Each structure stands twice: as C-alpha cells, then as structure tokens.
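First the proteins, then the strands, lettered A, B, ... as listed; each starts at 1. Computed from a predicted model, the values in this text were never measured in an experiment.
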Amino acid sequence: MSFWNFLINYRAEIFSRTLEHLILVAAAMLVAVLIGIPLGIALVRRPNLRRWVLGAANVIQTIPSLALFGFLIPVPFLGGIGARTATVALALYALLPILQNTYTGIAGVDPAVLESARGMGMTSRQILRDVQLPLSIAVILAGVRVAAIICIGIATIAAAIGAGGLGVFIFRGVAMVSNSVILAGAIPAALLAIGVDILLGLVEKKLTP
Amino acid sequence: MNTALGADGLAVELRNVGYRVDKRQIVSGVSFKVAPGETLILLGRSGAGKTTTLKLINRLLETSSGEIFVERRSQLEWDPIQLRRRIGYVIQDVGLFPHWTVEQNVAMVPRLESWPESRVRQRVREMMELVGLDVAKFAARKPSELSGGQRQRVGVARALAADPPILLMDEPFGALDPVTRAELQREFCELAARLEKAIVFVTHDLREALLIGTRIGLFAEGHLAAIYKPDEFLHSSDAEARAFVDSLGAEEGRERSSPKVTGRGRKA
C-alpha cells in the first residue's frame with residue numbers, strides 16, 4: 001500500500017490519534033506550566049533551593065524517555081498503563097525548560113529597576129505582577145515553546161505504554177516494517193511541532209513589551 | 001496624611017544609627033537631622049557608607065542599631081510601603097520601567113496611591129514641565145527612546161510625583177556626560193530651592209556637593225566625620241576634607257580655569 005493510499009484509508013484514525021497526541025501534550029504542558037512557573041519564581045527568592053530543584057530537573061532530563069515511562073508504570077497514583085502515566089512523564093520533561101527560563105527571566109530583570117520599584121513603595125506582589133513578569137514574559141514563553149516541542153516529540157513514545165497518540169503508527173510501522181505507516185505517525189507529529197512553534201512564537205511576540 | 005510637619009519642621013532624623021552585615025560593621029554612629037528646604041549632602045569615597053545610610057532611611061536596608069525618625073515618627077511605626085511612598089527616591093541608574101511609557105513611569109506612585117485619574121494626568125503634566133520635558137513630545141515615549149539626561153529628568157519627575165516631603169538621591173547625575181550633568185545640577189538647585197523638600201543627596205563629587213548642598217556631611221569608613229556648611233568645608237582642617245578639597249584643586253588645575261564655586265549654601 002502506498003503512503004498516499006494509507007493516508008486516505010486511515011484518515012479517521014490519523015485524525016483521532018493526532019487529537020489524542022495533542023490532548024496528551026496539552027495536559028502535560030498545563031501541569032508543567034502550573035508547577036514550573038510558580039516554582040521558577042520561588043527559586044529566585046530562595047537561592048539555596050535553586051541548586052537542588054534545577055539539579056533534579058536536569059537529572060530528569062537525562063533519563064531516556066522510554067526508561068522514564070517504564071519507571072513510572074509501577075508508581076502508585078501517578079503510574080500504571082495509559083495516558084495518566086504518559087502525562088506525568090511528559091510534564092517532567094517539560095518542567096526543566098519552563099523552570100529554567102522562568103528563573104533566568106526573572107533573575108535577569110535589571111537590579112536598578114527592582115531597586116527603584118522597591119524604593120518607590122511597590123509591594124513584592126506588585127513588583128512581581130507589574131515589573132518582573134512583564135519584563136521576563138518573553139523568556140518564560142520561549143521556555144514554554146521549547147517544552148512544547150520536546151513534549152510533542154517525546155509523546156510519540158507514550159504509545160509504548162498504551163497512552164495512544166501518533167506513536168501508535170510509529171510502533172506499528174516498525175513492527176510491520178512499513179515506512180508508510182511510520183510516516184503516518186511521524187509527519188503529523190512534525191507538523192504539529194511546527195504549528196505549535198509558530199503559534200507560540202506569535203503569542204511571544206504579542207506579549208513582549 | 002498631609003505634608004505639614006511639626007513646629008521645628010524635622011523631616012528626617014538619624015540617632016546613632018548603625019548597620020552591619022554578619023559581623024562586619026558597614027555604618028556606625030551616624031546622627032543627623034534634615035529639615036524641609038535643606039539639602040544635606042552625604043559626601044565620601046566609594047564604600048564609605050553613604051549609600052547604605054541612604055537606604056536605611058527608606059528601609060531598603062534595616063538598621064542594626066540606633067533609631068531613625070521620619071516626620072518625627074520612629075521608622076518602625078511606619079508601614080515600610082507607606083514610608084517609601086512618602087519618600088522620593090532617585091538612583092544613578094534611574095531604574096525607569098522599560099516596558100512603561102514616560103507618562104506611566106511618572107504616574108507610578110500616584111497610581112499606586114489610587115489618585116483619581118484626572119488628578120494623576122494633571123500631576124504628570126506638571127511634573128514633566130517642572131523637570132523641563134515637553135509633555136506632547138515625551139509622554140508616550142519609552143525610556144529606551146530617551147537620552148541619559150532625559151531619563152534622569154523622568155527619574156526626578158517620578159520621585160516628585162506624589163509630592164513626598166522627603167527626597168533621597170543617590171548620585172543621580174553620576175552617569176551623565178559633564179555638560180548634561182552641569183545642566184541638570186543647575187536646574188536641580190533651582191528646583192530644590194523652590195520645592196521646600198528635605199533632601200538627602202549622596203555624591204563623591206565635592207564640586208557637586210558645594211553647588212547643591214546646604215550642608216555637607218563627610219563620610220569616612222562608615223562614620224559621619226562631620227557636617228559642614230559649604231564654605232566651612234573648604235577651610236576644614238580635617239584630613240579627609242582636605243583630601244577632597246585637594247582633589248578639587250587638582251582637577252581645576254588640570255582644566256586651567258578657576259571657576260568660583262557658588263551654590264545655594266553660599267547665599268544663605
């Protein structure tokens with residue numbers, strides 16, 4: 001069966017797998033953003049915590065993705081077979097770039113700006129909301145963008161633990177020794193990554209002061 | 001709360017103030033008073049404790065010993081946020097918010113204090129005129145579109161916007177080119193004479209101190225060695241004061257000119 005025929009015959013499954021893939025990535029990114037950005041902000045104020053947290057995030061990043069999925073299966077609550085485990089693993093991978101960039105962005109705000117903000121009587125909450133976040137939003141979003149691209153790629157491996165997504169085609173294609181089937185997973189995944197990159201790039205541009 | 005002060009008009013008073021980090025004593029035994037209409041210069045070499053003393057006044061740093069009174073109330077009775085909004089603060093690097101326009105920057109404290117919007121706008125216009133910036137031309141600009149001198153004008157306008165009775169200035173003109181610096185110093189003298197603020201002004205430039213100050217407090221190694229009237233300073237026998245006067249002479253000799261130093265202190 002040629003690639004094009006496969007695409008046409010399987011368009012419904014390709015569509016639903018793409019959707020599955022997107023939902024997986026979106027859920028993981030949501031978790032990673034909700035944890036990563038506040039944690040990154042906290043790290044600026046707690047230098048002694050910084051080494052440990054960034055170190056841990058770095059270590060997680062070095063674990064091969066297939067291994068991380070495997071490690072998580074026996075873990076209670078978070079683990080098991082399926083999408084929940086995959087979401088946890090993807091969120092862990094997405095954490096480092098978000099954490100790192102949030103920290104770098106906020107720590108990089110001009111000290112003179114902070115000193116005048118404090119000296120003129122802004123509260124720390126006002127400084128965060130009106131000064132630190134607006135001035136580092138571009139850097140933070142760049143981290144989110146990198147994390148999203150990483151997630152879309154790694155999510156293809158989530159099929160190995162029964163989480164679905166476009167990886168299903170890739171694993172099936174490998175087993176069938178069929179390039180068409182592999183491409184039916186790989187090409188939509190690549191397009192997804194490019195699309196998300198462009199989209200977040202636009203958001204970044206729009207929010208940059 | 002109003003700007004009205006007590007009968008003897010005391011805006012800031014330091015009593016035997018000290019500050020240390022770990023075991024290192026940065027500043028110790030500093031006492032002075034500043035009344036409205038006065039400009040007290042804190043003069044000294046780098047690391048003499050001038051900036052530290054300034055930051056103790058608006059509680060960017062917390063005193064380790066002694067007491068500071070702001071408008072006759074002990075500093076500890078003040079809410080630090082309220083205290084800082086009653087004290088204008090101008091630093092060498094200006095620290096304008098780069099993502100805000102000039103108008104927004106100047107309006108910062110009035111808006112924090114939730115002034116009605118019409119009053120904020122009017123105040124911004126007044127302040128920009130006060131520091132010599134054309135409202136129509138500059139209000140909508142971002143700090144990156146200003147020259148160094150214009151930026152510091154905005155910095156002064158911002159510090160004065162909420163009409164604080166006290167103004168702290170940390171080498172505000174130190175980063176400017178000599179011509180712009182002289183221009184701003186001159187304008188600032190006129191401004192200070194008109195506004196009746198209590199000003200504490202940190203510098204390491206004796207010429208600036210003589211021009212702007214009504215009194216000059218000389219810092220050496222974390223102590224306030226003495227407070228002089230500007231003309232007294234030139235004839236002081238104190239070694240550190242002499243060192244400053246000599247450096248002035250050296251500079252003037254190099255420039256082969258003998259400008260007469262005339263400041264606000266001389267007129268008094």
Side-chain angles (χ1 to χ4, degrees), chain A residues 33 37-38 40-42 44-51 98 101-145 200-209, chain B residues 51 54-61 70 78-101 104-114 142-144 151-152 154-162 164 166-172 174-175 200:
Chain A
V33 163
I37 293 181
I41 293 168
V44 179
R45 293 182 190 175
R46 289 185 187 73
N48 41 351
L49 210 68
R50 178 157 76 232
R51 271 181 52 212
I98 295 176
N101 278 42
T102 304
Y103 168 72
T104 309
I106 296 210
V109 173
D110 181 358
V113 170
L114 290 183
E115 189 189 329
S116 73
R118 227 157 75 79
M120 307 286 296
M122 277 187 148
T123 61
S124 6
R125 177 184 292 221
Q126 286 163 338
I127 292 175
L128 182 65
R129 190 193 58 200
D130 296 337
V131 182
Q132 290 172 308
L133 282 177
L135 287 178
S136 53
I137 192 75
V139 181
I140 295 174
L141 273 174
V144 171
R145 205 166 149 189
L200 288 178
L202 288 177
V203 175
E204 198 179 307
K205 209 175 215 169
K206 183 128 196 186
L207 285 180
T208 305
Chain B
T51 297
L54 202 69
K55 287 182 176 173
L56 291 171
I57 297 174
N58 64 1
R59 276 181 85 173
L60 287 180
L61 300 172
V70 173
W78 283 90
D79 167 45
I81 300 298
Q82 286 309 316
L83 177 81
R84 291 180 194 139
R85 290 185 192 169
R86 301 275 296 157
I87 301 179
Y89 189 49
V90 184
I91 55 178
Q92 178 174 345
D93 298 320
V94 198
L96 295 180
F97 295 177
H99 56 308
W100 284 8
T101 62
Q104 287 172 310
N105 269 288
V106 175
M108 172 183 166
V109 183
R111 288 210 173 111
L112 285 176
E113 294 281 84
S114 350
K142 291 279 179 70
S144 58
R151 249 176 252 171
Q152 197 52 283
V154 178
V156 173
R158 177 177 66 172
L160 291 170
I166 300 159
L167 203 55
L168 305 181
M169 308 188 80
D170 192 353
E171 297 190 34
V200 184

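Residue M108(B) holds its CE atom at 8.5 Å from CG of D130(A), rounded to the nearest 0.5 Å. Annotation: the span from F97(B) atom CZ to I127(A) atom CD1 amounts to 7.5 Å, rounded to 0.5 Å. Rounded to the nearest 0.5 angstrom, M122(A) CE and I81(B) CD1 are separated by 10.0 Å. Atoms CD and CG, on E115(A) and L60(B) in that order, are 6.0 Å from each other to the nearest 0.5 Å. Distance check, rounded to the nearest 0.5 Å: NE2 of H99(B) to CD1 of I137(A) gives 11.0 Å.
Within the 4.5 angstrom heavy-atom criterion, only side-chain atoms of I91(B), from C-beta onward, approach chain A. Looking at V94(B), only its backbone comes within 4.5 Å of chain A, counting heavy atoms on both sides. When heavy atoms are compared at a cutoff of 4.5 Å, L112(B) approaches chain A solely by way of its side chain, counted from C-beta outward. Residue contact with chain A, scored on non-hydrogen atoms closer than 4.5 Å, is absent for L168(B). With a 4.5 angstrom heavy-atom cutoff, L83(B) does not touch chain A via any of its atoms.
With respect to chain B, the highest number of heavy-atom pairs below 4.5 Å among T123(A), V109(A), D110(A) belongs to T123(A). When R59(B), R85(B), Q82(B) are compared by the number of non-hydrogen pairs under 4.5 Å with chain A, R85(B) comes out ahead.
Closest heavy-atom contact between G95(B) and S116(A): O-OG, 2.6 Å. The two residues P98(B) and V113(A) have their closest heavy-atom pair at CD-CG2, 4.0 Å.
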